**Q** 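Okay, handing you the structure first.
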Protein chains: 2
Amino acid sequence: MTEHRLPPVVARMWGREASPRYGPRPSLDLGTIVDAAIRIADRDGLEGVKMSSVAAEVGMATMSLYRYVGSKDQLLTVMADAALPEPPALHDQGWRTYLADWTRANRDFLLSRPWLLALGQHTPPAGPRSLRWADRAIAALADTGLGYGERLSIAATLSGYAIGQAALAHALNRTTDATDSTVGLAEYRDVLGQVLDPDGYPELTAAVRANAFGVSEEWVDDADFTFGLDLLLDGIQALIARGKR
Amino acid sequence: MTEHRLPPVVARMWGREASPRYGPRPSLDLGTIVDAAIRIADRDGLEGVKMSSVAAEVGMATMSLYRYVGSKDQLLTVMADAALPEPPALHDQGWRTYLADWTRANRDFLLSRPWLLALGQHTPPAGPRSLRWADRAIAALADTGLGYGERLSIAATLSGYAIGQAALAHALNRTTDATDSTVGLAEYRDVLGQVLDPDGYPELTAAVRANAFGVSEEWVDDADFTFGLDLLLDGIQALIARGKR
DNA sequence: ACCTGAACACCGTTCAAGT
DNA sequence: ACCTGAACACCGTTCAAGT
């Protein structure tokens, strides 16, 4: 098993600089820059995060940032980890309750920082915060008799579910303007009604006619989220029961 | 119920131009442009898709594209729908078999066109192709006694699952280079081993030690996908059984 | 070894002039 | 009403010169 060198971004996320420094110490640390970038993203969205705006926020020249990050892309990667909250604390009300909390909290922070969704870094977690989320999920399943592989798969599945639901809710909550490329909920049902023909889309047409898309609030609120989550948790429960038998 | 005007992009995806034309007919249609853009994305990835490269591919000047799409963003939206294959044909082997096929096919086309993942348009479907996928999923559940709302939620959940799995598999299949911001599978286990401390990440450390991340092939292959999918399908099955009882 | 001004490269989009 | 050359705006990144 070879020891790979840590990729630079990963090293930075964990506060391990690739090269020890001699001479003058840098006037800033990466954390300050990342915090500034997060503040901008919260305020102006991801489009507001430019190397120039981040530099201005910390009071440096734009190019000085390249002392701390190799590229804007790397800065975004570090932000994506640093912007996560801590996962819910483990409790002893059982795995099902904990994982439900965990998944909901996961969705909630994505909704509170939608630019994390736009970042689209659904890559395997490598930063301290995201790995803590992973750790807590598999910890909650420690007494179920499931193996590590299964527990990791479950964590990945639940986290994917949280992402999907957050993306959906966020997309539907936006209002569409004419220049925009996505459709908000207000128009959605109406758009489908105008566009669908019953021959090509028989069931969907019926669903629209049956008013299955509800009104604004319903679709986005918790009913759908809980519904799908319970599907998953039921499946996990069945798996555990099978193992115990 | 107000009739909203169709958003321009949606109108274009369905071949309904916003304004009727007088005078000279355009020399191209949107489909030709979109096909060219898809060809480029398949060949060079999403970064290769520039207004200039698309125009060159169809033999026009760059600015002529703005006759056909309002912006690059809109072009990408139309591409995202046009690049989808048709959903699997409905058969009569029951909803579970069909939805398993459907979800797998969904993941597979995402893996064959990874730029669809990078596009990150996990918005509610509004184009002809993506709505056909939705239609087929809820059609498969027609005889289960579930309502339209539940059937739509299930479709959204399964599609979210396919996206999550595809994103994960794709991320792990890439190899990391030094300038890169993500970690490929080859290094992943090793990186975790170097970076995790047992105090902060007790369960994850144990999982790494237990070799739960397997070797290259295993993690990406179908075992994990089927595992999570079965969790979902079991949950759906339980829901149906509950309703029938 | 750090910081930074000037300059470069790239690309989406606007505009006004062609036909 | 379509097509297009020139020009503009914007932004990430490099480089060489400062301290």
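Small disclaimer: the values here were computed from a predicted structure and weren't measured. Labels below follow one simple rule: chain letters A, B, ... track the order of the sequence lines, proteins then strands, and each chain is numbered from 1. Below, each value reflects all heavy atoms present in this structure, side chains not excepted, and no hydrogens, waters or symmetry copies.
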**Q** Measure the shortest side-chain to side-chain distance between B/V34 and B/Y68 over non-hydrogen atoms and say whether it is less than 4.5 angstrom.
**A** no

**Q** Given Watson-Crick or G-U pairs with both distances under 3.5 Å, what dot-bracket string fits DNA chain D, with | for other-strand pairs and [ ] for crossing?
**A** ||.|||||...|||||.||

**Q** Roughly, in whole Å, what's the span from CG in A/D73 to C1' in D/dT13?
**A** 13 Å

**Q** Phosphate oxygens OP1/OP2 of C/dT4: is one of them under 4.0 Å from a side-chain N or O of A/S64?
**A** yes

**Q** Can you tell me how far C1' of D/dC15 sits from CZ of A/R67, to the nearest Å?
**A** 12 Å

**Q** Choosing from D/dG5, C/dC3, D/dG12, which nucleotide comes nearest the side chain of A/M51?
**A** D/dG12

**Q** How about A/V69 and A/Y66: do any of their side-chain heavy atoms sit closer than 4.5 Å?
**A** no

**Q** Once you round it to whole Å, what is the distance between P of C/dT14 and NZ of B/K72?
**A** 15 Å

**Q** Looking only at side-chain N and O atoms, does A/Y68 come under 4.0 Å of OP1 or OP2 in C/dA1?
**A** no

**Q** Could you tell me if the side chain of A/L196 sits less than 4.5 Å from the side chain of B/W14, heavy atoms only?
**A** yes

**Q** To the nearest Å, how far apart are A/E47 CD and C/dC11 P?
**A** 20 Å

**Q** Tell me, do B/W133 and B/P85 make a side-chain contact under 4.5 Å, heavy atoms counted?
**A** yes

**Q** Given atom CE of B/M63 and atom C1' of D/dA1, what is their separation to the nearest angstrom?
**A** 18 Å

**Q** Give the rounded distance in Å between these two atoms: CD1 of A/I33 and P of C/dC2.
**A** 12 Å

**Q** Can you check the A/D44 CG to D/dC10 P distance for me, whole Å?
**A** 15 Å

**Q** Would you mind reporting whether B/R104 and B/Q165 have side-chain heavy atoms less than 4.5 Å apart?
**A** no

**Q** C/dC3, D/dG5, C/dC11: which one has an atom nearest the side-chain heavy atoms of A/M60?
**A** C/dC3

**Q** Rounded to whole angstrom units, what separation is found between the CG atom of B/D29 and the C1' atom of D/dC3?
**A** 16 Å

**Q** With the side chain counted from C-beta on, respond yes when A/T205 and A/D197 share a heavy-atom pair under 4.5 Å apart, and no when they do not.
**A** no

**Q** Within the structure provided, determine whether B/Y201 and B/V208 are in side-chain contact (heavy-atom separation under 4.5 Å).
**A** no

